2 protein chains.
Amino acid sequence: MTATAARTSPRKRPGNGAARPVDADEIGLDALVGHAGYAVRRFQIWIFQDFIRTLGDVDIRPTQYSVLTVIGANPGLSQMAVAKRLGIERARLVHLLDSLEQRKLVKRVKSKVDRRSHALHLTPQGETALAKFKRLAAEHERHVEEKIGKENRERLLRILADFT
Amino acid sequence: MTATAARTSPRKRPGNGAARPVDADEIGLDALVGHAGYAVRRFQIWIFQDFIRTLGDVDIRPTQYSVLTVIGANPGLSQMAVAKRLGIERARLVHLLDSLEQRKLVKRVKSKVDRRSHALHLTPQGETALAKFKRLAAEHERHVEEKIGKENRERLLRILADFT
DNA sequence: AAAAGATTGTTGTTGACGACAACAATTGTC
DNA sequence: GACAATTGTTGTCGTCAACAACAATCTTTT
């Protein structure tokens, strides 16, 4: 169908200077409810907030967690490799690593193969810290299950598997 | 299971200053692949980029589109009502409306019921423009279908329906 | 081997966005 | 009428993506 069919249908009180106080959820979203992007955005906000709250005591944000996890699973990676794999700008990764290195979780080792690049490694403290982070992240993941349901979460992971 | 079971398993060449150039996608994500948040984040980035590109000619970003859609479907709403409904900070909405009002798509009408608030309306040009935006947004939505599949998209919308 | 081009890490800028805090004008409550 | 709450506004701060520029270092070409 063409879009002319999607008539907007002003609900009520279309007037001009009305603005009677509306009851919050009686507001229609119209075309928005058919858009995956809108639902995904709202969900992502929720999920990130829960992650940040759940990992609040250890002060680790989602992006930091993803960087630590990838380095932990692939020691010796260059910054470029990590950035590409996670879809982060290499400029942004610089600050992330600065922070993680100050906290003694990661160290940059000058590579001898390519003296431009740094080989990234977890420090011993980084390893034990990451283990704790993973425990908390798993707890966060349980919150997701409680929110959307166990089977829905798995369905969602399958649907979006290509994007990881 | 407890998290100690999730042993990280450094893949190969764990040494210290290695950093041999890796082949991009042979990098393991480890724990990340079990996290809904990571997949959702990557998907959201993809979907927003496609939206921005598809609506690039008319220079409309996702948030602007959501604001226009809600106002179009509920003329006369206050800024507070729109902000609450879309989960936007009212402070942020001020700038969004400034921009949309400069482009003559929206107008703020001083409410006579509550002289603190503004009743939001689309201008005539705003109406016709929104119709075009919706057409383009529908095209973007088709891109999503091509990417994840028609039935997967519907499944996803059902799963995340509560967040809209 | 020297010159030209590409890559890596870094620094900086821009703009969208969420979170907060403060404020004037106005409304609601007691 | 005094006092608290709400609405729009302005401002600051920190996160994040997108670029652009740069020095140091490979890689390729000749």
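Because the structure is a prediction, the values reported are computed rather than measured. Just so we're on the same page: letters track the sequence lines, and every chain starts at 1.
Phosphate proximity of C:dA19 to A:Gln49: present, with a side-chain N or O under 4.0 Å from OP1 or OP2. Put simply, A:Thr63 has no side-chain N or O that comes within less than 4.0 Å of OP1 or OP2 on D:dT15.
Between A:Ala91 and A:Phe48, the one whose closest nucleotide on DNA chain D sits nearer the 5' end is A:Phe48. With the nearest nucleotide of DNA chain C identified for both A:Asp98 and A:Ile45, A:Asp98 has the one nearer the 5' end. If B:Arg108 and B:Arg41 are placed on DNA chain D by their nearest nucleotide, the residue sitting closer to the 5' end is B:Arg108.
Protein atom CZ of B:Arg92 is 18 Å distant from nucleotide atom C1' of C:dA21, rounded to whole Å. Here D:dA18 presents its P atom at 8 Å from CD1 of B:Ile52, a figure rounded to the nearest Å. Between A:Glu89 atom CD and D:dT15 atom P the separation is 17 Å, expressed in whole Å. Protein atom CZ of B:Arg42 is 10 Å distant from nucleotide atom P of D:dA17, rounded to whole Å. Look at CD1 on A:Ile88: it is 9 Å from P on D:dC16, rounded to the nearest Å. For A:His95 and C:dT13, the NE2 to C1' distance is 11 Å, given to the nearest whole Å. Between the CZ atom of B:Arg61 and the P atom of D:dA17 there is a distance of 13 Å, rounded to whole Å. Computed from coordinates, the B:Leu96 CG to D:dG8 P distance equals 14 Å when rounded to whole Å.
Among the atoms of the strands shown, only primed sugar atoms or phosphate atoms (P, OP1, OP2) are found under 4.0 Å from some heavy atom of A:Arg115. Looking at heavy-atom distances under 4.0 Å, A:Gln64 makes no contact with the nucleic acid at all. Among the atoms of the strands shown, base atoms are found under 4.0 Å from some heavy atom of B:Arg90.
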Test A:Phe163 against B:Phe43 for ring-ring contact (aromatic ring centres under 6.0 Å, His included), laying out the working first.
CA-CA 6 Å; A:Phe163 291 91; B:Phe43 182 51; 4.9 Å; yes

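Nearest to the side chain of A:Ser117, among C:dT8, C:dT27, C:dT10, sits C:dT8. In the set D:dT25, C:dG12, D:dG8, the nucleotide with an atom closest to the side chain of A:Asp114 is D:dT25. For B:Gln79, taking side-chain heavy atoms from C-beta onward, the closest of the listed nucleotides C:dT11, D:dG8, D:dA17 is D:dG8. Nearest to the side chain of A:Arg116, among D:dG8, D:dA24, C:dT10, sits D:dA24. Candidate nucleotides C:dA16, C:dG9, D:dT15 were compared by shortest atom distance to the side chain of A:His118, and C:dG9 ranks first.
With ring centers used as reference points, A:His35 lies under 6.0 Å from B:Tyr65.
Residues passing the ring-ring contact (aromatic ring centres under 6.0 Å, His included) test with A:Tyr38: none are found, sequence neighbours excluded.
Of the charged side-chain nitrogens involved, at least one lies within less than 4.0 Å of a carboxylate oxygen, so that A:Arg108 and A:Glu101 count as a salt-bridged pair.
Side-chain contact between B:Arg115 and B:Lys110 is absent, with no heavy atoms from C-beta onward closer than 4.5 Å. In this structure, B:Ile88 and B:Leu96 have side chains that are in contact, with non-hydrogen atoms separated by less than 4.5 Å.
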